[in-house]
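One structure is given below, encoded as structure tokens.
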Amino acid sequence: MNDTVEQQIDKLVQEHDIVLFMKGTPQFPQCGFSQRVAAILNSHGIAFAAVNVLLDPAVREGIKVYSDWPTIPQLYVKGEFIGGCDIVAEMEESGELAGLLAPFKADSA
Amino acid sequence: MANDINPDHLRELVLAHLPDAEVEVKLFSGNDHFEMEVVSPSFSGKSRIAQHQMVYAAMGEHMREAIHALALKTRAK
């Protein structure tokens with residue numbers, strides 16, 4: 001991964017509280033796992049930046065190097081890699097995700 | 001889905017790297033999705049991400065293909 005891609009990813013991850021790298025968009029997800037994570041985030045009613053990796057192969061591969069994680073989707077909160085579909089779903093079930101996202105809820109501002 | 005990616009094969013790959021693990025692999029939804037649960041003391045104290053990364057590393061070159069169809073759950077005990 002060249003520097004510019006890494007800087008591009010870093011910028012995205014640092015600039016937004018919540019970033020989801022996914023295949024497709026929340027409205028038109030192109031993969032079941034991406035769809036599931038976007039739906040979970042939507043169910044919490046929080047705003048998040050969605051990055052459609054299908055539009056940029058360099059980001060699609062670069063993000064896997066960036067987090068040392070082999071798949072998409074990838075969720076970042078406050079610049080920290082939280083996980084892919086399995087982990088986000090597990091955190092949703094355990095209630096951990098609600099706690100993590102609580103500070104970003106629109107109505108809690 | 002390549003035919004050499006089957007539950008037993010995935011299980012062996014993980015056990016080869018995590019000999020103290022208990023590995024359960026189930027095939028479901030039309031033979032192209034796997035559910036794998038790995039329990040291993042070597043996960044203790046590690047984040048979920050680190051645990052999953054250990055399993056992905058164990059799967060090695062099969063990772064790319066199998067991983068897209070894998071629902072993974074890990075825990076230390």
Side-chain angles (χ1 to χ4, degrees), chain A residues 1 9 13 18-24 29-41 52-54 57 59-101, chain B residues 1-2 4-5 7 9-14 16-18 21-40 42-77:
Chain A
M1 168 168 65
I9 293 173
V13 165
I18 300 170
V19 188
L20 178 62
F21 290 82
M22 66 180 292
K23 289 178 184 168
Q30 302 298 310
C31 140
F33 296 119
S34 290
Q35 178 180 13
R36 186 160 182 214
V37 176
I40 288 173
L41 292 177
N52 182 358
V53 301
L54 298 179
V59 169
R60 179 176 184 174
E61 286 316 312
I63 194 68
K64 296 174 188 173
V65 175
Y66 184 82
S67 57
D68 184 23
W69 189 261
T71 55
I72 305 286
Q74 294 189 18
L75 179 64
Y76 292 75
V77 174
K78 279 285 190 198
E80 193 200 336
F81 175 51
I82 301 304
C85 184
D86 291 336
I87 289 177
V88 171
E90 211 175 308
M91 291 173 72
E92 171 70 353
E93 273 161 40
S94 69
E96 252 173 287
L97 192 64
L100 181 66
L101 299 179
Chain B
M1 177 62 65
D4 65 347
I5 298 185
H9 190 66
L10 287 181
R11 202 164 163 279
E12 279 151 28
L13 282 173
V14 175
H17 282 73
L18 295 165
E22 283 161 51
V23 184
E24 234 191 277
V25 187
K26 279 186 235 124
L27 194 57
F28 62 95
S29 96
N31 198 18
D32 63 0
H33 266 76
F34 296 91
E35 204 178 85
M36 177 189 283
E37 182 157 359
V38 184
V39 182
S40 163
S42 44
F43 286 154
S44 61
K46 290 200 167 57
S47 69
R48 278 195 190 94
I49 288 174
Q51 293 177 26
H52 284 220
Q53 284 170 329
M54 286 166 75
V55 175
Y56 292 151
M59 292 170 64
E61 76 293 345
H62 285 290
M63 199 181 64
R64 273 281 165 208
E65 216 172 305
I67 206 71
H68 282 291
L70 179 67
L72 179 59
K73 276 205 162 50
T74 57
R75 48 194 174 79
K77 51 181 168 9

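Within every chain, numbering begins at 1; the chains are lettered A, B, ... in the order of the sequence lines, protein sequences first and strands thereafter.
- A salt bridge between E90(A) and R75(B) is absent, with no side-chain N of the basic residue lying under 4.0 Å from a carboxylate O of the acidic one.
- Classified by interplanar angle (parallel below 30°, tilted 30° to 60°, perpendicular above 60°), the ring pair F33(A)/H33(B) is tilted.
- In terms of heavy-atom proximity, I82(A) sits nearest to I49(B) at O-CD1, 3.3 Å.
- Heavy atoms only, all atoms of each residue included: L70(B) and D86(A) are closest at O-OD2, 3.6 Å.
- Note that the CD atom of Q53(B) and the CG atom of D68(A) stand 4.5 Å from one another [nearest 0.5 Å].
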